[in-house]
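Have a look at the structure below before the remarks.
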2 protein chains.
Amino acid sequence: MPTPARTSLDEIVAAGREILDAEGLDGLTMDRVARAVGVRGPSLYKRVRDRGELIHLIANAAALELGDLVGEAATTGDASRSLRAMVDALRAFARAKPSSYGLLFDRLPDTWRPDRPIVERVVAPLFRTVAVLAGPERELEAARTVVAWARGFIEMELADAFQLGGSIEDAYEFGIERLIAAIATSAPCRVGG
Amino acid sequence: MPTPARTSLDEIVAAGREILDAEGLDGLTMDRVARAVGVRGPSLYKRVRDRGELIHLIANAAALELGDLVGEAATTGDASRSLRAMVDALRAFARAKPSSYGLLFDRLPDTWRPDRPIVERVVAPLFRTVAVLAGPERELEAARTVVAWARGFIEMELADAFQLGGSIEDAYEFGIERLIAAIATSAPCRVGG
DNA sequence: ACCTGAACACCGTTCAAGT
DNA sequence: ACCTGAACACCGTTCAAGT
């Protein structure tokens with residue numbers, strides 16, 4: 001005898017995202033998610049193959065959100081300002097939702113990672129802006145340099161790895177300004193804005 | 001009736017390091033380590049409080065090894081070359097022992113992290129060299145910029161995050177050269193060398 | 001003193017039985 | 001069709017009992 005569904009995949013993913021951000025990836029247990037949507041753990045397996053697939057769907061949703069935020073940040077004036085705004089947006093997302101950020105960028109099982117096209121939508125506006133600054137021949141290397149710095153800085157900030165005192169904001173300002181100057185074609189080494 | 005010990009803390013930590021590098025952090029189970037030293041899982045609790053403490057001791061050992069490697073790399077000629085060699089050493093360690101590297105730099109529970117003095121021994125030679133290049137006023141910001149880039153680049157390399165083609169070596173060369181130029185005091189923006 | 005098997009907690013997962 | 005309790009596997013941890 002058919003029974004009406006008590007939940008849905010969308011509801012499960014939405015609940016999973018909230019639990020991830022509130023309690024971290026370790027807190028994202030199948031039973032925890034199930035009870036949040038009003039069923040028991042085993043019922044989730046009607047909608048997802050396993051926990052990894054649920055995490056993958058949550059990662060896709062987080063990547064889409066981040067892509068929107070970065071895309072919106074990119075719409076401002078000149079290329080330097082635009083790049084700065086995009087990195088600011090990435091950093092703000094990491095601080096607001098560190099567990100979601102970690103799900104997108106930490107080393108985790110491949111099957112958990114968001115789909116590649118969705119990730120490319122996040123970095124595409126960044127690459128476009130870097131191309132303006134660095135010139136098309138060095139676009140790839142320049143973008144990778146900026147992204148590597150941004151990811152490393154954010155990772156260290158989240159991990160509380162800046163242990164030697166000093167101002168983290170000063171380090172961020174110094175880093176982003178020097179990076180932007182450093183990737184510019186025949187950069188005149190003017191620092192600051 | 002006293003029984004002679006069948007293993008030791010040193011042997012347990014050494015076995016743990018091998019298992020970590022061969023099978024990853026998830027493979028580092030208490031029973032796996034115990035059997036490697038000839039006892040059963042529960043016996044380890046005579047020597048470590050819990051799995052976290054064992055991981056912490058393994059992290060300390062890995063940090064000491066990495067500190068030696070970075071320190072040795074630092075002894076070459078001028079400051080630019082020395083800094084380049086140290087970052088190369090860091091990258092080589094990450095590639096040779098990605099799980100050990102991850103244990104030192106990934107976001108993990110605080111109690112698992114290596115002791116701060118041991119970590120400071122790793123970065124100290126790097127800071128000294130950066131101070132020569134960037135000048136003492138900007139030493140901290142400059143060191144953080146280089147370390148953030150290096151960590152981000154290595155993280156992306158380990159995570160196989162360079163998905164858009166192109167040469168990863170080219171990106172590394174581009175990054176390290178531009179970074180070193182960018183942190184130098186009133187850098188003349190000469191690239192290469 | 002040190003070591004072990006049995007036991008428990010926790011969590012992912014399966015499945016037979018309910019509706 | 002969907003949901004559930006019971007059950008199992010796996011792993012960290014405790015502990016009473018062995019030597």
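A quick note: this is a predicted structure, and the numbers were derived from the prediction, not measured. In what follows, every chain begins at residue 1, and chains take the letters A, B, ... in the order their sequences are listed.
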From C-beta outward on B:T3, which listed nucleotide comes closest to its side chain: D:dG12, D:dT19, D:dC2?
D:dT19
Distance, rounded to the nearest Å, where A:R35 contributes CZ and C:dC11 contributes C1':
13 Å
Using whole Å, report how far CG of B:D50 lies from P of D:dT14.
8 Å
Using atom types as modelled and distance alone, determine if a side-chain donor or acceptor of B:R47 lies under 3.5 Å from a backbone N or O of B:T7.
yes
Where the side chain of B:R51 is concerned, which of D:dC3, D:dT13, C:dC3 is the nearest nucleotide?
D:dT13
Nearest-Å distance for atom pair CD1/C1', residues B:I19 and D:dC11
14 Å
Please report the distance, rounded to the nearest Å, between CZ in B:R47 and P in D:dG12.
18 Å
Starting at atom OH of A:Y45, determine the distance to atom C1' of C:dC15, rounded to an integer number of angstrom.
13 Å
Considering only side-chain heavy atoms of A:T7, which listed nucleotide, D:dG5, D:dC3, C:dC2, is closest?
D:dC3
Rounded off to whole Å, could you give me the CD-to-P distance for the A:E23 and C:dC11 pair?
11 Å
Can you tell me if the side-chain N/O atoms of A:R6 get under 4.0 Å from OP1 or OP2 in D:dT4?
yes
Determine whether A:R144 and B:E157 satisfy the following criterion, salt bridge (charged side-chain N to carboxylate O under 4.0 Å, His left out), listing intermediate values before the conclusion.
CA-CA 11 Å; A:R144 283 171 170 169; B:E157 191 173 20; over 6 Å; no
With pairs defined as Watson-Crick or G-U wobble and both distances under 3.5 angstrom, please note down DNA chain C as a dot-bracket string, | for pairing with another strand.
||.|||||...|||||.||
Worked check of salt bridge (charged side-chain N to carboxylate O under 4.0 Å, His left out) between A:E65 and A:R17
CA-CA 12 Å; A:E65 182 192 343; A:R17 293 190 70 189; 2.5 Å; yes
Listed nucleotide nearest any side-chain atom of A:R40, set D:dT4, C:dT13, D:dT14
D:dT4
I need the CG-C1' distance between A:D26 and D:dG12, as an integer number of Å.
14 Å
B:M30 has its side chain closest, among D:dT13, D:dC3, C:dC2, to D:dT13
Pick base, sugar-phosphate or nothing for B:T29, based on heavy-atom distances below 4.0 Å to the nucleic acid.
sugar-phosphate
Establish whether B:L25 and B:I12 are linked, either directly or via other cluster members, by ILVMFWY side-chain heavy-atom contacts under 4.5 Å.
yes
Against the side chain of A:K46, the closest entry in D:dT4, D:dC2, D:dT14 is D:dC2
same_hphob_cluster(A:L179, A:L140) at 4.5 Å side-chain heavy-atom cutoff:
no
Hydrophobic cluster membership, with links at side-chain heavy-atom distances under 4.5 Å among I/L/V/M/F/W/Y: are A:V13 and A:W112 in one?
yes
Integer-rounded Å distance: C:dC11 P and A:L54 CG
15 Å
Any non-hydrogen side-chain atom of A:E53 less than 4.5 Å from a side-chain atom of A:Y45?
no
